[in-house]
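In listed order, ligands and their atoms are each counted from 1.
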Amino acid sequence: MPDAHAKLSASGSKKWLNCPGSVKLEAEFPDTVSQYATEGTTAHALGEAKLNLALKAISRVGYHKRTAELNITEDMDEYTNDYRDFVLERFSEALRNTKDAVIAIERRLDFSAYVPNGFGTGDAVIISTGAIEIIDLKYGKGVPVSAINNSQLRLYALGALDYYDYLYDIKTVTMTIYQPRIDNISSETISVNELYEWGRKAKEKAELADNADNLECIAGKHCDDGFCKARPICRAYAEQKQKLAVYDFKPPEKLSVGEIVEIIDQADDLCKWAKLVKDYALDQAINNDVKFPGFKLVEGRSNRTYTNEEAIAKKLIKNGYSETDIYTKRLKGITDMTSLLGKKRFDQLLGEFIIKPHGAPTLVSVEDKREEINSVQKANKDFKEFIEK
Ligand code: SF4
């Protein structure tokens, strides 16, 4: 569950563990709740209610009371069923090993022994002999979230150990991400000693980040991975992005393969950073009347648009045009159709009609999971349509 309101939140820990200055710099930006965060909160509430119903912790009436006000889509209903089944399966496995294993749903986890005022919520916490598993539901579908060395889950695990260790003599901790919308399940098991060792280091960094006078900003992967709000104004981030400027004065034909690699490695990042800064500047110009020398605020270009489609259709039909002349009939796109039918029904009814065409060839980092197109002939054959354009 989100814990966004804590100063040193577990969800933001990747940032403050790597960049102590981010806490102060981000505080200059207001908290905003995106549509995705609202959707995630709803999915968590629904998943929680479904698990509590399945575990007989609430009655069916209680379940309906808790879910009546939620804005549930058909997709969400299916994905949270998958989440419930996954958690129950993990719990059944724990019961097979330990007959008095226990499960806690939406358990508040206090890790303030490591992080000032640190707390979060474990979506599902399963305790069996010598072992604890924390399952975290991620409802996003942007990027797969890994449980490996995941600081948010490790902080939750420290909170869970604080709560359960004296009762159960825990030896290992498993942290699992369940991300149903992109079929991502990621898990890491570490010993309690390893976790405590990590916690000691995290505690030192948390104390540093909690110091309001400390403004050391250290840029890295965590800036983008953690969606740092300070990116448009952060000097450390800007300096990291501007490393590319050293190539400005060299004509392209003189670039070596090594230099080209360095540029393409950073090109996407550079474009994203430029957009962040532009969006920030626009927001400042519109909302705070900030002037940027050499720039002015104007109306953007726009296209003509109908004011009243119903009235237009009536008028055209009155003037002798038929419905087929004036309307274009189109099938809903795959995303809208999936929302209409629900994922399972969509696959049952339409699976045979769906193909995934080749995407245009693109250069990506070797860490990308996609298979390499490893021969010129194969690339030419498979991607003929793109190459001839
Ligand atoms: S953009 Fe990066 S370097 Fe700058 S404050 Fe945020 S996390 Fe730190």
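- Salt bridge Lys24/Glu216: absent, no basic N to carboxylate O contact under 4.0 Å.
- Side-chain contact of Thr176 with Glu133: a donor-acceptor pair under 3.5 Å is present, judged by distance alone.
- Contacts between Ile218 and ligand 1 below 4.0 angstrom, taking non-hydrogen atoms only, involve the backbone exclusively.
- Put simply, the residue from Asp136, Ile134, Val87 that forms a side-chain contact (heavy atoms from CB on, under 4.5 Å) with Asp123 is Asp136.
- Under 2.8 Å from atom 2 (Fe) of ligand 1 lies no N/O/S atom of Cys234, from backbone or side chain alike.
- The backbone and the side chain of Ser22 each have at least one atom closer than 4.0 Å to an atom of ligand 1 (non-hydrogen atoms only).
- Metal site remark for atom 4 (Fe) of ligand 1: Cys19 contributes no N, O or S atom at a distance under 2.8 Å.
- One finds a salt bridge joining Asp224 and Arg231 here, because a Lys/Arg side-chain nitrogen approaches an Asp/Glu carboxylate oxygen to under 4.0 Å.
- Of all protein heavy atoms, the one closest to atom 6 (Fe) of ligand 1 is Cys228 SG, 2.3 Å.
- Heavy-atom proximity to Cys223, at under 4.0 Å, picks out these atoms of ligand 1: 1 (S), 2 (Fe), 3 (S), 7 (S).
- Interface of His222 with ligand 1, defined as ligand atoms under 4.0 Å from a residue heavy atom, comprises 7 (S).
- Of the charged side-chain nitrogens involved, none lies within less than 4.0 Å of a carboxylate oxygen, so that Lys272 and Asp268 do not count as a salt-bridged pair.
- Numbered from 1 in the order shown, with element, the atoms of ligand 1 that lie under 4.0 Å from a heavy atom of Leu25 read 5 (S).
- Here Lys50 pairs with Asp77 in a salt bridge; the nearest charged N to carboxylate O distance falls below 4.0 Å.
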